[in-house]
Amino acid sequence: MSSQSFNARAEQPPLNGQAAPEAQARPSLPGSTQSVHAGERRFRAHDSLTVPIVQTAVYTFDDTAALAGYYEERMFWEEPEREEYGRYGNPTVRAVEAKLAVLEGAQEAMLVSSGMAAVTATLLLMLASGDHMILADQCYHATLTFCEKVLKRYGVECTAVPCGDYAALEAAIRPNTKLIYAESPTNPFMRCLDYPRLVDIARRHQLKTVVDTTFATPLNLRALNLGVDVVIHSVTKYLAGHNDVMAGAVVGSYEMLTPLRQAQGMLGCIVDPHAAYLILRGLKTLGLRMERHNANGLAVARFLEEHPKVRRVWYPGLASHPDHAVATASMAGFSGVVTFEIDGDREQTYQFIDALRIPTVGPSLGGVESLISPLALMGYADLPQEERDALGISDQLVRLCTGIEETGDLLADLSQALAQI
Ligand SMILES: *Cc1c(COP(=O)(O)O)cnc(C)c1O
């Protein structure tokens, strides 16, 4: 490919998750290598090694014949090999999508403006008035509100069932049930799905399954390989990885993704090319980062479980976690999120948090910096006390999202802060 040609076609990464031959990630390659190379063409305009930020809203045509050819391709439902207008596609965004598809072992991935845009667009497109869906109840709060309150206005009924109760899940199925939605691992108790059971129930009743695997990433868990139909990510978290950009992704087969892809230009939930570049850059180190997040999560969980000032720890890598067996069967690592309860009162809990020197108080997770939150004050603060109690969110409950700092430094910091209460 000539470095002089600086048109959309030359810049064009593959549209469908199939990388150009020179960059095609072979399935045998580990995710950490794929995250560096997959989805990108090796030779680009100006011989740039990195995928350029194609900062444009408009793509031009050489002449009217080129324009006519473009529409002809689209009419026959072929993915055109170039872009036309920014809301329908961008080469920098396509490179992220192709990389994510390879990482998940999927045919197709769609990048959208946030994790919630991925959740809402997917559910709006997969459901119609008169349909019913089932939701595992320990899910992201905005997802729960969308399913129970917003979808209801459009005639979609939703039943929330207790996370991990497969009998309740099967009992909730009605003739008009269309899909099961779950997260794994969940926030904040890190509950993990028993995939063979979930997929067996869904297949026997001809239901689609949608799983938000934000807390796992494709390096720890490839849910599509386990039989799930659609995977959702908040790319804001581990995938982008640096607490500096917001995006979401929907990943699955052509069949599942095509209606979503076609609606994206209408819904408008697109990602800016510059944000796409930051995500692409973040993804290059996904393997290294997840190795450290997994190691930090496990070391911190083990340390806290042994500590006399900690009442209980929730981390799927611990034998004490209710889903340790199913998590071990499906996941390569358990990520960096550790939730625990301080053995003390509310004031002692806040004292401990304020005494920490490395983790900063803040929401979110998955970035290089460690973040800590007292959950009753963060994420659940707007709920009435009874609702918080029902969810198990006590005043002593703390969520530590370990970053990529040295494990020993984090343990020493936790140790000195716990010694102060
Ligand atoms: C953060 C998060 C979301 C929402 O993603 P945004 O990028 O913040 O919109 C959805 N699901 C899970 C599990 C999350 O952690």
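As a basis for the values below, the full set of heavy atoms in this structure was taken, side chains included, without hydrogen atoms, waters or symmetry mates. Order of appearance sets the numbers: ligands from 1, and atoms from 1 within every ligand. Source: prediction; values computed, not measured.
Residue pairs meeting the salt bridge (Lys or Arg N to Asp or Glu O under 4.0 Å) criterion with at least one partner in residues 163-174, sequence neighbours excluded, are E170-R204.
Judged purely by distance below 3.5 Å, without hydrogens or angles, the side chains of D131 and Y154 never pair a donor atom with an acceptor atom.
Counting only distance, with no hydrogens or angles, the side chain of T285 and the backbone of L288 share no donor-acceptor pair below 3.5 Å.
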Going by atom type alone, with no hydrogens or angles, which donor-acceptor pairs under 3.5 Å involve a side-chain atom of residues 404-421 and a protein atom two or more places apart or on another chain?
unit_1 : atom_1 : unit_2 : atom_2 : d
E405   : OE1    : S370   : OG     : 2.7
E405   : OE1    : G403   : N      : 3.4
E405   : OE2    : S370   : N      : 2.9
E405   : OE2    : S370   : OG     : 3.4
T407   : OG1    : N296   : OD1    : 2.6
D413   : OD1    : R357   : N      : 3.0
D413   : OD1    : Q416   : NE2    : 2.7
D413   : OD2    : R357   : N      : 3.0
D413   : OD2    : I358   : N      : 2.7
Q416   : OE1    : Q420   : NE2    : 2.8
Q416   : NE2    : A355   : O      : 2.9
Q416   : NE2    : D413   : O      : 3.3

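Residue L371 comes nearest to G362 through the heavy atom pair CB-O, 4.1 Å, listed as atom of the first residue, atom of the second, then distance.
Contact shell of ligand 1 (protein heavy atoms, cutoff 4.0 Å): S114, G115, M116, Y140, E183, D212, T214, F215, S234, T236, K237, M246, A247.
The ring-ring contact (aromatic ring centres under 6.0 Å, His included) search around Y238 returns H293, not counting sequence neighbours.
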